Amino acid sequence: MISSGDRQRLAENWQAVCDEVATAVTSAGRSPSSVCIVGVSKYVGPELTAALAQVGCRNLGESRPQLLWSKAEALKQLLPDHDIRWHLIGHLQRNKIRRTMSLPVLVHSVDAARLLAAIDQDAASQDQSLVHDVLLEVNVSGETAKTGMTPSEIRELLAQPRAEHVRIIGLMAMAGWGTSSAEARQQFATVRELRDSLQTEFAIELPQLSMGMSGDFVEAIAEGATLVRIGSRLFDGLLIS
Ligand SMILES: *Cc1c(COP(=O)(O)O)cnc(C)c1O
């Protein structure tokens, strides 16, 4: 059970994050509805995840497919009438595609052409009318430990014939570990510029930019993020075992 104190704290954290996002969106001269907050629930169990949805965070992100499966199942029980929109924000192994792809509204983390092809093939085998929305994860910080494709790998992928059952609607990126806020902002600007070039080069629309986490969402919003993935800030002050 979640204490009423924890529930209260969670509601306050959610409100504070909403306010800060709204302020960042306004100072960037953007429209308030142009940024969606994805609450990253990977740090907590099903009950706190359900509580987060109840205080108003309807877009929830999980980074591991197995945890997405079990959370989605648990939340069906805990909140039968929920309208949660799940996002997969971490690496998807090809052998987990079948079980995963019916759950998220968006996969942020397509990090290889092989994965995209496998998602496409699996969808085709399920239902000819199925189309999954995905983002391509780009590595802009250049660290070898980070996942994501280089800009040239992304160009190679986009030069291939379009997958019929996958719609690429944008890019996702993480700032490098330990970057200053100025460096993070520069990396987010690089992602936006890459998106702009790709739209022209390939004559496609890539409206979504998933970038910004607890420590750098203000910078990401200033550079055009449409989806911010916020985890730890939402659970500040809560005792998480
Ligand atoms: C964990 C995680 C987040 C959330 O990070 P916080 O710093 O806790 O807000 C965002 N994106 C991805 C891909 C993650 O794995």
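One-based numbering, in listed order, for ligands and for the atoms of each. Treat the numbers as computed from the prediction; the structure is a model and nothing was measured.
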Query raised in the report: Backbone, side chain, both or neither: what part of H108 comes under 4.0 angstrom of ligand 1, heavy atoms only?
Result: neither

Requested in this report: Using a 4.0 Å heavy-atom cut-off, say whether I230 meets ligand 1 through its side chain, its backbone, both or neither.
Outcome: backbone

At less than 4.0 angstrom from any non-hydrogen atom of [X], what atoms of ligand 1 do you find?
| X | result |
| --- | --- |
| I89 | 11 (N), 12 (C), 13 (C), 14 (C) |
| G231 | 4 (C), 6 (P), 8 (O), 9 (O) |
| S214 | 6 (P), 7 (O), 8 (O), 9 (O) |
| S232 | 6 (P), 7 (O), 8 (O), 9 (O) |

Side-chain donor-acceptor pair present, [X], [Y], cut-off under 3.5 Å:
| X | Y | result |
| --- | --- | --- |
| Q187 | E183 | no |
| Q66 | R99 | no |
| S109 | D111 | no |
| S180 | R185 | no |

**Report entry** Identified side chain to side chain donor-acceptor pair (under 3.5 Å) counterpart of H108 within the set E137, R229, H87
**Finding:** H87

Query raised in the report: Closer than 4.0 angstrom: is that true for some heavy atom of Y43 and an atom of ligand 1?
Result: yes

Report summary line: Looking at H87, M213, K42, R229, the heavy atom closest to atom 14 (C) of ligand 1 belongs to K42

Query raised in the report: Could you state the interatomic distance from OG (S197) to CG (L206), rounded to the nearest 0.5 Å?
Result: 10.5 Å

